[in-house]
Every structure is written in structure tokens, then in C-alpha cells.
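Naming: A, B, ... by sequence-line order, numbering from 1 per chain. In this text, all values refer to a predicted model and were calculated from it rather than measured experimentally.
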2 protein chains.
Amino acid sequence: MTAGRPDVTLGPVSFYSPGQTAEKTGFSLDTLRYYEKIGLLGEIDRTAAGRRRFSEDDIGWLGMLRCLRETGMPIADMLRFSELARDGDDETIPDRIALLEAHDRYVEERMVTLRAQQRHIQDKIRYYRDLVAGT
Amino acid sequence: MTAGRPDVTLGPVSFYSPGQTAEKTGFSLDTLRYYEKIGLLGEIDRTAAGRRRFSEDDIGWLGMLRCLRETGMPIADMLRFSELARDGDDETIPDRIALLEAHDRYVEERMVTLRAQQRHIQDKIRYYRDLVAGT
DNA sequence: AGTTGACCTGGAGTGCGCTCCAGAATGCAG
DNA sequence: CTGCATTCTGGAGCGCACTCCAGGTCAACT
């Protein structure tokens, strides 16, 4: 369970246990199961005993999901993106690009307003500082 | 209900109806009531008939709340800030400054990670573009 | 063989931040 | 005076994204 190094117990490819995957990706075990259940992950490989084995690709995909999630994309949109990607169909690539570009613009806009709001906060700090200074 | 101009119906000071306030601040009527109820707004002035009259100060304070909210401050923290501000006590000013500074750092950090994540998204877009180009 | 710990499933529960509703009162235009 | 819009209250409901739980299986070590 110690993190990082993949299990190679079954075959030539590297696999990660759910616990390792949670540690590597920052998602909780429950969230990993949840993401699989709702279709963000497709079917995850299983051992003979039915336990999940995450591949390097899965880890990479989880990284993308984490990025989208943390930049504020709703699960519903991530689901759309996942479905496009899962189809693997090259015809879906323009759609995937469009989706990511829209999100990129969203993130850009968010940073702009965030900067403005930060200025507002800093103004307020300065205002309070001046109050103290002028006492 | 038309927006912007305050009612001066009662006294020399400008007041805004809940509807006007909602329009000016971007909060819904329900949210304004909710914020008052949980203590983010203190007691709002009322007309003889019991309707709320928001002052210019209230509007300003709502602007601050909006800024904090949209930059990701949880309601619980905003509540703490509101209580400090409501006491009006000058002794609370250092605490208010500390609270805002902590939040300022939080916003700063968030923008940094946001930029990194945006790069990740843009990399993915480029990757998809190259896929298309190399077909 | 026994104990410990990671993992399984299905489904219920949680926390946050609103949002909606019913039923009643008020305000204002024609 | 009529009618329609606005606002009032208390409390229920909602959407999102998890998170927790019970009861069981399986693996690995001693």
C-alpha cells in the first residue's frame, strides 16, 4: 500500500491498487468508485477476485479529470467529455477541442474577475490599515 | 422595481427596496433574506409596514460579501467577518485585517494553481490539434 | 488457523448554499 | 375600488458532489 510504485503482479503492465491510485491522484477511494459508477472512468480493469486495477492511462485520465474538476467544470460536462473520449472515435476530436476551448475561456474569464476581486479585498485591507494608522 | 434609483420616500437618506437591491447586487431576493436571517447583514431597516429598506451602506456591504463569496470564502468565515464588522469595535480591526489577508493569500494561491491547470488544458487542446493535423 | 487490513457492493446520508412554496398583507396604477 | 405586483414569514425542498455505512470477501503475514 505504500504509495507510488505500481504492482506488476499480473502481467507486464503496471497497475495500481485503489489505495495507490487514491494517493497518486488525490481522489478518495469513494470518489474513484463514484466516478467509475457515473461513467467518468469507463470500466476499470479487475483482478480475478474483482478488485480494481488502475492502469497508467487511468491515472493520466484521472489527472485530467482532476484538472477539469478543480477549475470548476461541472460533473455533467466532464461526463460529456468522457463519453467523447471513450468513444475514441477521431470524429469526436473536434468536439473535445471545442469543449476544452470553451472551458479554457471560462477559466481565463474567471482569473480576470478573480484578479479584480482580489484588488477589492486588498483595497479593503488598505482601508482598515489606514483606519488603524490614523488613530 | 425599475432599477438603480433609490427611493427617498422616507427621510433624507436613500433607500432601496428588496427588488432594487437584488438588481444592484446580483443577489436574489431569497438570498438577501437568507443572508439577513443567518446574520451576514445584521438587522435591515424596515418601513412601517415591515418591508425592508436597504441603505447605501447595506449595498456596499453586500458588494463586499459578494466579492468574498465569489472568491470562494465559505459562509461560515463571512459570518465571522460580519460579526467583527458589526461590533464596529476598533479592537476588531486587526482581526478583520488578518482575516482578509488570509483570504487574499488564498485567492493568490488559487490563481497560481488555476494558471497551471489552464496550461494543462491548453496542452491537451494542442495535443488534440496535433492529432487532427497528423491525419 | 487466525488476525489484520485493503477492498467489494448497494444504498443511505451529508453539507453547503441557496431556492421554492403557501398563504397573507401592502402598495400603487388606472 | 379593482387588480396586479411586490413583499412578508416560516419552513420545506433541492442540486451538487461527494461521503459514509453495513455486511461481506479476499490476501497476506505469523
Practice problem: Salt-bridge test for A/E108 and B/R115: reply yes if a basic N is under 4.0 Å from a carboxylate O, no otherwise. | Solution: no
Quiz prompt | B/E23 CD - D/dT7 P separation (whole Å) | solution = 10 Å
List every contact pair, protein side and nucleotides 1-4 of chain D side both N or O, where the distance is under 3.5 Å.
none

Practice problem: Could you encode protein contacts along nucleotides 24-30 of chain C as a string, one character per nucleotide from 5' to 3', using B for base contact, S for sugar-phosphate-only contact and - for no contact, with a heavy-atom cut-off of under 4.0 Å? | Solution: -BBS---
Quiz item: Between D/dC18 atom P and A/L29 atom CG, what is the distance in whole Å?
Solution: 14 Å
Quiz item: Just by distance, do the side chain of A/R69 and the backbone of A/M73 share a donor-acceptor pair under 3.5 Å?
Solution: yes
Self-check item: Lys/Arg-Asp/Glu bridge criterion (N-O < 4.0 Å) met for B/E56, B/K24
Solution: no
Exercise. Taking the side chain as every heavy atom from C-beta outward, state whether A/D45 and A/F54 have any pair of such atoms under 4.5 Å apart.
Key: no
Quiz prompt | Where B/R53 and B/I44 come nearest, the two heavy atoms and their spacing | solution = O-CG2, 3.7 Å
Practice problem: Could you provide the dot-bracket string of DNA chain C, using ( ) for intrastrand pairs, [ ] for crossing pairs and | for bases paired to another strand, with Watson-Crick or G-U pairs below 3.5 Å? | Solution: ||||||||||||||||||||||||||||||
Self-check item: Minimum side-chain heavy-atom gap A/R52-A/E36 below 4.5 Å
Solution: yes
Self-check item: Whether A/E109 side chain and A/Y106 backbone form a donor-acceptor pair below 3.5 Å
Solution: no
Quiz prompt | Distance in angstrom units between A/F27 CZ and D/dA17 P, rounded | solution = 12 Å
Quiz item: With respect to the side chain of A/R46, which nucleotide from C/dC21, C/dT9, D/dT19 is positioned closest?
Solution: C/dT9
Quiz prompt | Strand-adjacent residues in residues 69-85 of chain B, judged by heavy atoms under 4.0 Å from DNA chain C | solution = B/R69, B/P74, B/I75
Quiz item: Separation of B/Q20 atom CD from D/dT6 atom C1', in whole Å?
Solution: 12 Å
Self-check item: Those residues of residues 31-38 of chain B lying under 4.0 Å from DNA chain C by at least one heavy atom
Solution: B/T31, B/Y34, B/Y35
Quiz item: A/D30 CG to C/dG10 P: how many Å, rounded?
Solution: 14 Å
Quiz item: Is the backbone of A/D89 close enough, under 3.5 Å, to the side chain of A/D87 for a donor and an acceptor to pair up by distance?
Solution: no
Self-check item: Under 3.5 Å side-chain donor-acceptor pair for B/R96 and B/T92
Solution: yes
Quiz item: Hey, is B/E70 close enough to B/R66 for a salt bridge, meaning N to O under 4.0 Å?
Solution: yes
Self-check item: Check: B/F27 ring centre within less than 6.0 Å of B/Y35 ring centre
Solution: yes
Quiz prompt | B/D45 CG - D/dT7 P separation (whole Å) | solution = 16 Å
Quiz item: Rounded to the nearest Å, what distance is computed from the CG atom of residue B/L40 to the C1' atom of nucleotide C/dC18?
Solution: 12 Å
Quiz item: Does a side-chain N-to-carboxylate-O contact under 4.0 Å join A/R80 and A/D77?
Solution: no
Practice problem: Flag the pair A/R126 / A/Q122 as yes when at least one side-chain heavy-atom distance between them is below 4.5 Å, and no otherwise. | Solution: yes
Quiz prompt | Atom of B/L29, atom of B/G19 and distance for their closest heavy-atom approach | solution = CD2-N, 3.7 Å
Quiz item: Is there side-chain contact between B/E101 and A/I125, with heavy atoms separated by less than 4.5 Å?
Solution: yes
Practice problem: Would you indicate, yes or no, if D/dT7 has its OP1 or OP2 atom less than 4.0 angstrom from a side-chain nitrogen or oxygen of B/S17? | Solution: yes
Self-check item: B/E43 CD to D/dC8 P, straight-line distance once rounded to whole Å
Solution: 13 Å
Could you list the donor-acceptor pairs under 3.5 angstrom formed by side chains in residues 57-65 of chain A, with sequence neighbours left out?
unit_1 : atom_1 : unit_2 : atom_2 : d
A/D58  : OD2    : A/S55  : N      : 2.9
A/D58  : OD2    : A/S55  : OG     : 3.2
A/W61  : NE1    : A/L40  : O      : 2.8

